[in-house]
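Below you'll find the structure, written out as structure tokens, and then a few comments.
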Amino acid sequence: MKKFVLAATAALTLLPLTLTAWPWGKNKKKKASNASSVKLEMYYYKQENQEGLKNLVKAFEKENPGVTVDLLIIPNDADAAMSARAAQGKLPDILQMQSYSRVQEYASKGYLVDLTNDPSMKNVVASAKPSTTYNGKQYALPMDYAGIGIIYNKDIFAKYGLKAPTTYRELQNVCRTLKSNGIVPFAALLKENWSAGHFITMIHTALLAEQNVSADAFIAAMNNGEASYGDVDTSKLFSILDFYRDNMNDNAAEMGGGEQQQSFAKGESAMMVQGLWAYVDALKLNPSLNAGFIPFPVYNDASMNKLYADVDSTFGISAQSSPEKQEAAKKFLSFLASDKGSKLWVSEYKLTNSFKGGDFSSLGVPYDDLMKSVAAKGANPWAFSQYPTQVFEDACKNGAQQYMMKTRSAEDVISAVDQMWEDAAN
């Protein structure tokens with residue numbers, strides 16, 4: 001989307017002194033309007049429902065005449081592009097970033113404006129603030145609270161007398177029943193590496209509970225060189241990856257996000273391991289889709305199985321932008337955090353938010369399942385958001401994808417994560 005604000009420059013004509021007051025007053029207003037116009041560039045990576053984001057931006061522009069926002073999308077692996085622009089001092093004015101490590105990395109390099117005392121932070125729920133904190137200060141506005149788990153087709157489950165699995169054993173039985181009836185258990189997504197990266201870190205984080213180790217403690221130990229990614233039960237970790245791959249579509253390696261959603265929306269497959277952003281897109285393909293959302297059950301003790309849920313995206317302001325653009329960008333963040341902006345985020349962008357008093361009932365049953373599950377059992381944090389960026393981008397994403405495609409060993413994946421983490425920590 002590219003929009004331009006045009007301000008006409010009036011030609012001034014010498015007039016008799018008795019006629020100058022009215023024309024000069026009008027021309028001064030035009031000049032003032034022209035001087036106050038600001039064009040912002042906003043980078044975003046969440047490619048789902050882009051029209052919804054555009055509608056939200058249009059609503060902001062309507063309320064803030066003279067400020068326009070050009071959108072730049074880089075959906076996958078944008079770190080290299082952003083790093084190159086940062087080195088040139090040309091970061092976009094507004095940056096959509098993943099929570100935790102990306103915010104902390106950019107803040108540590110001086111790329112972000114301190115938002116600790118900005119009015120936009122007043123409506124943020126306290127539990128969301130750690131996701132954008134660096135050295136005790138807030139450097140981004142937390143936005144959508146999201147979960148990764150199993151989105152399942154309730155109608156297919158009902159047809160074959162299946163209940164939503166609460167344990168790993170129950171999930172294995174569900175998959176056997178589905179396959180015996182010609183239904184693919186899990187819609188695949190192996191053509192792109194990011195989903196495999198989410199999956200391995202989700203299972204790894206869940207397995208830390210067996211060791212009575214929190215995600216924060218594990219990450220701190222890794223940063224200090226006192227732990228290994230293999231400190232969890234790696235035989236269980238990779239057997240679950242094997243199980244997941246063995247219950248996908250036969251052409252899993254050829255399926256990206258679009259193909260995954262089509263397989264699920266058409267009823268070819270009964271489940272997909274994804275965030276609820278994928279449910280929104282699947283619903284567009286099949287408006288009558290009847291779905292639910294549950295944790296991926298790692299354990300046979302149902303009480304230990306929790307959704308992988310945390311703050312997903314955030315918005316920060318580039319410290320490389322001019323003071324004028326920074327102030328305009330702060331207006332956009334304040335709009336997002338306002339009652340109107342918060343509601344538009346839900347109704348147009350179709351995502352939850354991290355603000356007090358949010359109402360997400362319009363988003364559908366899976367979102368209600370997310371909030372109820374987190375309220376009842378808590379959630380495992382998105383530990384991958386706290387990994388060093390390159391560890392997640394290269395070692396986890398590529399490692400999990402290559403392992404599931406049987407081109408890399410489990411031992412090599414663990415070794416690569418450890419080595420890359422050690423390099424990043426030193």
Checklist entry - In Å, rounded to the nearest 0.5 Å, how long is the span from OG of S342 to NZ of K356? => result 12.5 Å
Checklist entry - Just by modelled atom types, is the K343 backbone N or O under 3.5 Å from a matching donor or acceptor in the S347 side chain? => result yes
Item to check | Ion pair check, E51 and K54, cut-off under 4.0 Å | outcome: yes
Item to check | Side chain to side chain, T133 and Q138, heavy atoms closer than 4.5 Å | outcome: yes
Next on the checklist: For a ring-ring contact (aromatic ring centres under 6.0 Å, His included) check, start with the C-alpha distance between F296 and F199, then their side-chain angles and the critical distance, and finish with the verdict.
Outcome noted: CA-CA 10 Å; F296 188 100; F199 190 81; 5.2 Å; yes
Checklist entry - Charged N to carboxylate O under 4.0 angstrom, E192 versus K397? => result no
Item to check | pair V273-I151: side-chain heavy atoms closer than 4.5 Å | outcome: no
Checklist entry - Is the shortest distance from a Lys or Arg side-chain nitrogen in K46 or D144 to a carboxylate oxygen in the other one below 4.0 Å? => result yes
Next on the checklist: Determine whether the aromatic ring centres of residues F157 and Y152 are separated by less than 6.0 angstrom.
Outcome noted: yes
Next on the checklist: Counting C-beta onward and ignoring hydrogens, is there a side-chain heavy-atom pair between V113 and Y139 closer than 4.5 Å?
Outcome noted: no
Item to check | salt_bridge(K331, E327) N-O dist < 4.0 Å | outcome: no
Checklist entry - With a 3.5 Å cut-off and no angle check, do the side chains of D394 and Q390 form a donor-acceptor pair? => result yes
Checklist entry - Below 4.5 Å, heavy atoms only, C-beta onward: do E254 and K191 meet side chain to side chain? => result no
Item to check | From CG (N247) to CG (N249), nearest 0.5 Å | outcome: 10.5 Å
Next on the checklist: Less than 6.0 angstrom separating the ring centers of Y367 and F360, yes or no?
Outcome noted: no
Next on the checklist: With a 6.0 Å cut-off on the ring centroids, do Y168 and F243 count as close?
Outcome noted: yes
Checklist outcome for this item: NZ (K372) and NZ (K377) are apart, to the nearest 0.5 Å, by 14.5 Å
Checklist entry - Can you find a heavy atom in the side chain of T314 that is under 4.5 Å from one in the side chain of Q98? => result no
Next on the checklist: Suppose we call two aromatic rings close when their centres sit under 6.0 Å apart. Are F384 and H204 close by that rule?
Outcome noted: no
Item to check | Close side-chain approach of W345 and L336, heavy atoms under 4.5 Å | outcome: yes
Item to check | Donor-acceptor contact below 3.5 Å, side chain Q320 vs main chain L91 | outcome: yes
Item to check | Close side-chain approach of S373 to P295, heavy-atom, < 4.5 Å | outcome: yes
Next on the checklist: For a 4.5 angstrom cut-off between non-hydrogen side-chain atoms, does M271 reach C175?
Outcome noted: yes
Checklist entry - Do NZ/NE/NH1/NH2 and the carboxylate oxygens of E63 and K340 come within less than 4.0 Å? => result yes
Next on the checklist: Angle between ring planes, W382 versus Y308, binned at 30° and 60°: parallel, tilted or perpendicular?
Outcome noted: tilted
Next on the checklist: Given 3.5 Å as the limit, does a donor-acceptor pair link the side chain of H198 with the main chain of I148, or not?
Outcome noted: no
Checklist entry - Could you go step by step and tell me if Y134 and Y106 meet the ring-ring contact (aromatic ring centres under 6.0 Å, His included) rule? => result CA-CA 10 Å; Y134 175 72; Y106 282 13; over 10 Å; no
